[in-house]
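All chains are named by letter (A, B, ...) in the order of the sequence lines, taking the proteins before the strands, and each is independently numbered beginning at 1. A quick note: this is a predicted structure, and the numbers were derived from the prediction, not measured.
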Amino acid sequence: MYRARFLQGAGYIMTVVVFTEKNKAASQIANILSGGKPDRKLVEGVPVYMFRRNGQEWQVMGLSGHIMGYDFPQELNNWRSVDPAILIDTRPIKTVTKKPFADAIISLAREADAIILACDFDREGENIGFEAKELASRVSRAPVKRARFSSLSDSEIIKAFDNPVEPDAAMAMSAEARQILDLKMGAAFTRYLTLAVRERARTKEILSIGPCQTPTCGFVYERDKAIKEFNPEDFWKIEALFHAKDMDFKGVHRAGNIKDKAKAAEIFDRIRAGKTGLVTKKSVTEIKTNAPYPLNTTEFLKRASKFLNISPESALEIAEQLYLNGFTSYPRTETNKYADDFDFKSKVIAFTSTEYRDHALAILSGGDIVVRNGIKDGHDHPPIHPIKAVAVKEVEKAVKTEGAGKIYDLIARHFLANLMPAALFEKTHLEITVEKELFDSSGSIMKNEGWMVVYPFETKNDKLLPDIKEQDEVKVKKLENIASKTTPPKHLTEAELLTLMDKHGIGTKATAPSHIETNKKRGYFETKGKTIVIQETGFILMDALSTSIPVVVKPEIRASIESLVQEVEDGSKDLEHAVAEGTELIKMMYSRLTESRDSIVSRLAGSINDGTATDDKKNYIGKCPDCGRVLRIISTEKGRFVGCTGYPQCRNSYPLPREGALSVLRSKNCKKGGAAVIKVGNKYCWAVGIGPCFACDLMKKCFPPEVVGPCPICDGEMCLVTTKDSRFLGCSNRCGRTQSLPQEGRLTVLERKCEVCGWKMIRIKEKDKEAIEKCVNRSCGKDQGKKRLST
DNA sequence: GCAAGGTC
């Protein structure tokens with residue numbers, strides 16, 4: 001500054017140095033501020049853009065995100081010799097991780113008369129700017145200012161650089177607090193757990209814990225636990241098939257899902273003779289469905305997974321490629337709301353020369369363009385939208401990454417959809433009375449496609465009802481009392497997981513996919529198509545942690561660090577106090593971890609080195625309730641029993657019957673808590689730890705005979721009897737009535753009943769043949785009941 | 001070798 005003022009009189013030209021978050025931003029900002037084409041040079045291999053502005057020499061350089069990072073001092077890097085607890089009390093050291101950038105900063109700073117930090121307008125951006133500021137301060141006393149802008153539009157950039165503000169130290173320090181606390185916790189917990197498990201199981205795997213990855217896994221665990229613990233309940237549903245005006249349509253009894261079998265039977269008895277129904281009420285309502293909000297990163301990743309089956313990780317990578325090639329806008333944004341002065345019209349016009357032509361023309365002919373805007377404004381970047389209007393083929397030619405065309409298509413269609421009117425549906429509800437009982441039928445017809453015309457990803461099937469009025473009569477074609485069971489919740493999809501993470505503030509717009517990847521890499525969960533399924537190690541770890549340190553498995557861990565970080569940003573707490581408080585918190589959790597070492601480790605060790613025992617399907621019984629390892633059938637010369645792989649530490653064992661071939665019935669769960677149910681020969685079943693099933697009062701509940709229909713000659717029921725080399729139907733009263741069954745193929749008794757005789761239907765699937773469904777009753781003459789299935 | 005956050 002001193003030098004500048006002194007030299008200015010002698011024709012000295014002030015040099016303004018600008019640091020942006022990345023090269024792309026540097027070049028764009030230089031373009032805007034220079035009003036033309038800036039010169040470009042390389043400093044230490046880093047591009048710098050130069051131009052004259054207001055009589056000053058400007059030099060704009062892009063950083064590469066963080067160019068510094070925290071780590072522990074060298075001497076703490078030996079996992080074996082350093083107690084992980086020490087890490088918690090050690091202040092990590094910040095060092096340069098990208099030297100060329102640091103060198104370039106220093107080189108530019110030497111010549112600078114003024115420095116402007118121009119990174120993204122968020123916490124990490126402020127912090128990245130401060131990394132440059134700190135390096136510059138080593139060689140320069142030039143004043144440092146901050147340009148704040150939330151998009152790279154000309155007007156906003158010029159405004160930001162004409163009115164620079166003071167850098168926000170509190171905001172920058174808040175990110176510092178996050179980095180330090182994340183590292184302390186992650187490193188200490190991960191090292192401790194990994195080393196503890198290695199004492200018991202031979203593995204090179206790392207078992208990591210972190211304030212984002214662990215709650216992410218926690219979401220998956222909670223869902224899969226609910227699935228595991230789910231108990232199906234019976235319910236009955238009374239359905240009618242109506243007919244009017246040449247059309248069949250369905251109705252459901254108003255009682256919906258009836259849990260009480262007797263009640264369902266009673267209702268069904270009242271109506272079963274009904275031949276006609278009366279339309280007692282009809283209502284028609286019009287429903288508007290708005291286009292979804294513009295795409296921010298989270299929403300984009302969710303839709304790419306849901307509609308295109310592209311994982312969040314690769315969707316973000318593809319979007320990055322599209323962005324770098326100028327097809328779409330910056331993919332990392334929280335904002336789902338366009339700026340007031342956003343120029344939609346010229347973009348839509350550009351689309352008139354692409355395959356989206358018809359949609360673009362429809363928008364242009366609809367008068368003023370109205371955008372369907374969201375409500376989130378992260379003051380960062382505009383929603384993800386197309387920059388260039390091109391054909392999908394051109395995108396695929398330029399960007400070779402698989403899925404690039406599909407992603408572009410989604411972004412383009414979403415953009416156009418945001419400019420189109422709402423879709424209109426007409427929903428019709430009919431109340432139909434049969435024998436004084438009420439049935440409901442509903443239908444839906446699309447009246448106006450609106451934005452959905454350009455958005456084929458959402459399904460919009462019409463459900464039609466005949467055009468009938470109140471007091472019209474309809475024919476009853478069929479009435480059914482359908483027995484069903486409640487179904488367990490479904491596994492989480494990636495889209496749902498992203499929603500949960502977003503809702504609980506786990507990770508940022510750019511990092512959510514990486515936390516999912518980390519968990520996969522660790523073997524905690526895996527993706528099967530769009531759904532996510534927990535794996536043994538992940539389940540046991542989450543299960544163990546949720547009893548000893550529940551906050552770690554829940555989003556609370558992130559929230560408590562976040563609230564400290566927020567206080568630093570607000571200025572209500574300084575960095576040192578926040579780090580001290582956070583450290584105390586981590587210490588408390590760490591001591592819970594060490595206290596429960598044995599229970600966590602013994603269970604985890606089982607999941608890791610007992611892989612072979614688990615894979616031994618023939619002898620695998622289940623988890624040992626004492627130590628969490630693996631129970632299996634052990635046969636010796638002296639006899640056989642169920643024992644634990646944890647032997648000799650764990651001496652848990654259970655007796656088995658001496659005689660008979662054993663086969664574990666995987667689908668049966670012993671209701672008295674037996675570890676598994678084993679079939680002994682063809683005679684009886686045996687619950688491990690409980691004893692023979694025939695001696696159990698719950699036998700009939702666990703092994704209900706498969707009833708297929710009434711016995712034709714007595715009041716008994718015909719049941720499926722399966723022996724080692726045959727299967728047939730026999731009367732439950734043992735009156736002597738039997739019936740043979742097809743002996744070949746896999747036989748399944750279906751819930752559905754034959755429409756003619758009321759016996760159950762069966763399904764036979766022979767190898768290399770199509771499955772056949774037919775009535776099980778040989779005396780039932782109905783051959784039409786036979787149906788070939790496509791499988 | 002450990003976390004999470006930037007960016008390529």
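Without hydrogens or angle criteria, A:Arg198 side chain to A:Lys204 main chain gives a donor-acceptor distance under 3.5 Å.
For the pairing with A:Ile411, the side chain to side chain contact (heavy atoms under 4.5 Å, CB included) check across A:Ile384, A:Val395, A:Ile387 returns one residue only, A:Ile384. Partner of A:Leu497 under the side chain to side chain contact (heavy atoms under 4.5 Å, CB included) criterion, chosen from A:Asp502, A:Thr531, A:Leu492, A:Asn519: A:Leu492.
A salt bridge links A:Arg138 to A:Glu134: at least one charged side-chain nitrogen sits closer than 4.0 Å to a carboxylate oxygen.
Proximity of residues 565-581 of chain A to DNA chain B (heavy atom under 4.0 angstrom from any strand atom) is not detected for any residue.
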Which parts of nucleotides 2-7 of chain B does protein reach within less than 4.0 Å, heavy atoms only, written one letter per nucleotide 5' to 3' as B for base, S for sugar-phosphate only and - for none?
BBBBBS
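Here the two rings, on A:His414 and A:Phe300, have centers that are 6.0 Å apart or farther.
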Under the side chain to side chain donor-acceptor pair (under 3.5 Å) criterion, do A:Ser64 and A:Lys22 qualify, and how do the steps go?
CA-CA 5 Å; A:Ser64 177; A:Lys22 53 189 163 286; over 6 Å; no
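Within the structure, every pair that satisfies the salt bridge (Lys or Arg N to Asp or Glu O under 4.0 Å) test and touches residues 578-592 of chain A, not counting sequence neighbours, is listed here: A:Asp89-A:Lys587, A:Lys573-A:Glu581, A:Glu584-A:Lys587.
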